[in-house]
Enquirer: 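First the structure, which I've put down as structure tokens, then a few questions once you've had a look.
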Amino acid sequence: VDIAAQSPLSGLYIPSFPLFFYSIYYLIIMIALFKDIGFFADVKKRRLAVAIMSVLLLIPLSNVTLNNNIRLVFLDVGQGDSSLITTSKGKHVLIDGGGSAGKGDYYFDVGSKITVPSLLKLGVWSIDTIIVSHIHEDHLEGLLETVKTIKTGKVIMPDVPYESGVSKKFMELCKEKKISVIYAKAGDELRLDSETVIEIVFPEKSLLKYTKSDENNNSLVAILKFRNFKALYTGDIEKEGEWVLHGKDIIADVMKVPHHGSNSSSTEEFIKAVSPKVSIISVGKNTFGHPSKEVISRLEMSSQAIYRTDINGAISLKTNGNKVIIKTVR
């Protein structure tokens, strides 16, 4: 069994299918087993069953062609960040992958136990683009298992001179999997389709404009734009990084709150500049005091709703560009 389990095709990762696929599967079995018995013994009824299956098979096609929504899912990866964007045309963009900074007995493989299973449950067969906000383990480490398991088109990283042990492993995996790596800076755009674009607003290209702090304040900051809808992804920028963004057009309907709600981020001026109607805090059990009461109070002054992955679990938003529907696991 052990030898067989190690063979290349011993197992395949398969995303979850819509319910009607399973209905078709069991209906086919029933027709095959009971074609001469009861309901299926009648030729007309068998033809009716086949017609129903044909209609069900057309549903996925109609869903692709008629889908008018974009979906944002903020995964519950504990103390870390990971979020999925699925466009109305079916493209998938993953921003960060969560991860565990624990060692030895305290290590938890977020990538294989949460990130990958969550993506498969969401029906992700392949990822068009992975965006890495920065190289800290709670954002990057979970992507190791992700690129091993799920076919990935390209990776976008901030154009800053930082690396770590995890980032080196990640780059080696990208090379092994022949995944192209692009280094992005303010002003770059990732155009997903005619109505959907991700604009990079930070970091700046010039070395003179890098913040003097660590990787947090050089996180890749991006705005997703879809029709009249905007979502701001902030990585782990702190007050210094927020200050650099002053004067830029960063108004958004939804904001992924910087640095898990740390009091070192989300200044009153920054929140006013973004003016989010919905604020999402990706956070888990921690010893840092995230999210801070001060940040929650400041967000309540601007946002109509605040969601937290430690309380609400994974958070899903669907929008047609005007109306937003929000669902949570808990």
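Computed from a prediction, not measured in an experiment: that's the story for all the values here.
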Enquirer: Under 4.0 Å between a Lys/Arg side-chain N and an Asp/Glu carboxylate O for R298 and E268?
Expert: no
Enquirer: For the side-chain contact (heavy atoms from CB on, under 4.5 Å) test, which of L122, I127, I95 pairs with L84?
Expert: L122
Enquirer: So, for N263 and V295, which heavy atoms are closest and what is the spacing to 0.1 Å?
Expert: CA-CG2, 3.8 Å
Enquirer: Please check: side-chain N/O of S303 versus main-chain N/O of P276, any donor-acceptor pairing under 3.5 Å?
Expert: yes
Enquirer: Can you confirm whether I271 sits close enough to L299 that some side-chain heavy atom of one is under 4.5 Å from a side-chain heavy atom of the other?
Expert: yes
Enquirer: Tell me if a side-chain donor or acceptor on D310 pairs with a main-chain N or O of G313 at a distance below 3.5 Å.
Expert: no
Enquirer: State, with a plain yes or no, whether a side-chain heavy atom of I114 is found less than 4.5 Å away from one of F108.
Expert: yes
Enquirer: Keeping the roles fixed (side chain from E242, backbone from T267), state whether a donor-acceptor pair exists under 3.5 Å.
Expert: yes
Enquirer: Could you give me the CA-CA distance, side-chain angles and deciding distance for I131 and I198, then say whether side-chain contact (heavy atoms from CB on, under 4.5 Å) is met?
Expert: CA-CA 10 Å; I131 297 177; I198 295 177; 4.2 Å; yes
Enquirer: For G321, is there any backbone N or O sitting under 3.5 Å from a side-chain donor or acceptor partner on T319?
Expert: yes
Enquirer: Roughly how far, to the nearest 0.5 Å, is CD1 of I150 from CG of L119?
Expert: 4.5 Å
Enquirer: Quick one: which of K230, K248, K225 gives a salt bridge (charged side-chain N to carboxylate O under 4.0 Å, His left out) with E199?
Expert: K225
Enquirer: Could you check if a side-chain atom of L220 sits within less than 4.5 angstrom of a side-chain atom of I156, using non-hydrogen atoms only?
Expert: yes
Enquirer: Show, in sequence, the C-alpha distance, side-chain angles and deciding distance for H139 and D236, and conclude whether the side-chain contact (heavy atoms from CB on, under 4.5 Å) test is met.
Expert: CA-CA 9 Å; H139 292 248; D236 274 359; 3.0 Å; yes
Enquirer: With distance as the sole test, does N217 use its side chain to make a donor-acceptor pair with the main-chain N or O of G241 at under 3.5 Å?
Expert: yes
Enquirer: Please check this pair: side chain of S316 against backbone of V73, looking for a donor-acceptor N/O pair closer than 3.5 Å.
Expert: no
Enquirer: Any non-hydrogen side-chain atom of Y233 less than 4.5 Å from a side-chain atom of I85?
Expert: yes
Enquirer: Do L72 and I280 have side chains that get closer than 4.5 Å, going by heavy atoms?
Expert: no
Enquirer: So how far is it from F270 CZ to I237 CD1, rounded to the nearest 0.5 Å?
Expert: 4.0 Å
Enquirer: Taking P158's backbone N and O only, do any of them form a donor-acceptor pair with N218's side chain (distance below 3.5 Å, no angle check)?
Expert: no
Enquirer: Answer whether the closest heavy-atom distance between the side chains of M171 and M157 falls below 4.5 Å.
Expert: yes
Enquirer: With sequence neighbours excluded, tell me which residues meet ring pair (Phe, Tyr, Trp, His ring centres under 6.0 Å) with F17.
Expert: F21, W125
Enquirer: Does a salt bridge link K91 with D193, judged by any charged N lying under 4.0 Å from a carboxylate O?
Expert: no
Enquirer: Looking at side-chain heavy atoms only, is the closest gap between H259 and N216 below 4.5 Å?
Expert: yes
Enquirer: Determine the minimum heavy-atom distance between D253 and N228, stating which atoms define it.
Expert: OD2-O, 3.6 Å
Enquirer: Taking S100's backbone N and O only, do any of them form a donor-acceptor pair with E141's side chain (distance below 3.5 Å, no angle check)?
Expert: yes
Enquirer: CG of L144 to OG1 of T149: how many Å apart, nearest 0.5 Å?
Expert: 10.5 Å
Enquirer: Quick one: does S282's side chain have a donor or acceptor within less than 3.5 Å of a partner on G80's backbone?
Expert: yes
Enquirer: Is a donor on one side and an acceptor on the other found under 3.5 Å between the side chain of T86 and the backbone of H92?
Expert: no
Enquirer: Once you measure the plane-to-plane angle for H246 and W243, does it fall in the parallel (<30°), tilted (30-60°) or perpendicular (>60°) bin?
Expert: tilted
